[in-house]
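None of the values given here were measured: they were computed from a predicted structure. Only heavy atoms go into these numbers, but all of them, side chains included; no hydrogens, no water, no symmetry mates. Chain A is the first sequence line, chain B the second, and so forth, proteins listed ahead of strands; every chain is numbered from 1.
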Protein chains: 2
Amino acid sequence: MTTKRDAIIDSACHLIEVQGYHATGINQILEESGAPKGSLYYYFPEGKEGLASEAIERSSRLIESRIREVIAHGVDPAEGIRSFFVLLSERIEASDFRHGGPLTSVAVEAASTNERLRSACRNAYARWQEAFADRLREQYDDERAASLAALIVSALEGAIILSRSERNVAPLLAAGRELERLIRSG
Amino acid sequence: MTTKRDAIIDSACHLIEVQGYHATGINQILEESGAPKGSLYYYFPEGKEGLASEAIERSSRLIESRIREVIAHGVDPAEGIRSFFVLLSERIEASDFRHGGPLTSVAVEAASTNERLRSACRNAYARWQEAFADRLREQYDDERAASLAALIVSALEGAIILSRSERNVAPLLAAGRELERLIRSG
DNA sequence: GTCTATACTATGATAGAC
DNA sequence: GTCTATCATAGTATAGAC
């Protein structure tokens, strides 16, 4: 029932992450998902915007759970956060730098144009920050934890962009290393 | 002679920064620049890609000089870098969050598609990192300065994205504050 | 009632005619 | 040096098949 709809969202998640929002056409999403062209407006009456909105929601939830999972494993927040950056760099390298951040392109391309998508990105970033802040509160007060979490998410997004541009994970690893040091030293 | 060509590049810089790469059409660039419709291929035989490439070059040089100028004024590297983030936040807020990073959209949208533009972005980011690293070498050895510079540029790009998504400069200010602390504490 | 195929309109980049 | 034509493809919408 909802399985074909799901497949469309999955394809949208994937293609938007790899190619960007505007570069990803609706027919390409339909094609990759195996759904025939034109059935989009049955599943997504609001068109590309509605689909992208759901794709952002799904992608960002997945990342949020990964953040929580990985940083929980570190003996302390600093190590956990470093691990997350390392894991991310492995994933991006393994895809030959095709993968990036699942939100980034939408946040960049739709930030000043589309209120709904901007809002979806804002919420997603807020959840990620909260995931980091939750662990950081072991060591810091609320305000400082929030401030550090904001830096972490910013560095995350930026380092992915730099690493893809360089086709080299060095920026991601440098960010992880420096953030670990910052968090450890207080 | 070259003044109309220049105007086209300026418009491209502006529109790409505000709207993104794919969202910016050639005719819109021509229109804003006042150049006659269709005259793009006279000035830029390589089309949109060639124009974008020059726009990236120009924008990134401008930012590089701003980086060098602002961080030179701080009494120490930490303060200079913090100032740069504050200045950036003021500029973005003043534009009602329309402005962003001039490279970001191209780096995100063309990273996995267009080799030439990817390369142009890579070079630009390298120059920015070098600008920060130059000042950081007052205080750190080469390797550490490079590592910190990578984090700074990553945080810069990411914090702009977050701030635009939130329509709030808090992420930029948090990043500046935390980076200042990191650099100061060693 | 659920889903699919085809058609429509607008606009993109581009290139050749003036 | 400039403008108009071309061609592809985007997103959208609807009418009909199952």
Less than 3.5 Å apart, any donor N or O on the side chain of B:Gln139 or B:Asp76 sitting next to an acceptor on the other?
no
With B:Arg68, which residues qualify under side-chain hydrogen bond (donor to acceptor under 3.5 Å, both in side chains), at least two apart?
B:Glu64, B:Asp134
Which atom pair, heavy atoms only, marks the closest approach of A:Tyr125 to A:Ala107?
OH-CB, 3.7 Å
Residues B:Glu17, B:Arg91: salt bridge by 4.0 Å N-O rule
yes
Phosphate OP1/OP2 of D:dT2: any B:Lys4 side-chain N/O under 4.0 Å
yes
Is there a side-chain contact between B:Thr113 and B:Arg118, using heavy atoms and a 4.5 Å cut-off?
no
Whole-Å distance separating the CD1 atom of B:Ile29 from the P atom of C:dT11
17 Å
Report the distance from atom CG of B:Leu30 to atom C1' of C:dA15, rounded to the nearest whole Å.
14 Å
Distance-only side-chain donor-acceptor flag, B:Arg144 / B:Ser147, under 3.5 Å
no
Atom CG of B:Leu15 and atom P of C:dG12: how far apart are they, to the nearest Å?
12 Å
Kindly give the atom pairs (protein nitrogen or oxygen, nucleotide nitrogen or oxygen) under 3.5 Å for nucleotides 12-16 of chain D.
{"residue": "D:dT12", "atom": "OP2", "partner": "A:Tyr41", "partner atom": "OH", "Å": "2.7"}
{"residue": "D:dT12", "atom": "OP2", "partner": "A:Lys48", "partner atom": "N", "Å": "3.3"}
{"residue": "D:dT12", "atom": "O5'", "partner": "A:Tyr41", "partner atom": "OH", "Å": "2.8"}

Tell me whether B:Arg61 is salt-bridged to B:Glu57, with the criterion being a basic N under 4.0 Å from an acidic carboxylate O.
yes
Flag side-chain contact, heavy atom, 4.5 Å: B:Ile29 against B:Leu40:
no
For C:dT11, take OP1 and OP2 only and decide whether either is under 4.0 Å from a side-chain N or O of B:Asn27.
no
Rounded to the Å, how far apart are B:Tyr43 OH and D:dC3 P?
10 Å
Should B:Tyr42 be listed as having a side-chain N or O under 4.0 Å from OP1 or OP2 of D:dT2?
no
Angle by which the axis turns from one end of the helix from C:dG1-D:dC18 to C:dC18-D:dG1 to the other, five pairs per end, to 10 degrees
10°
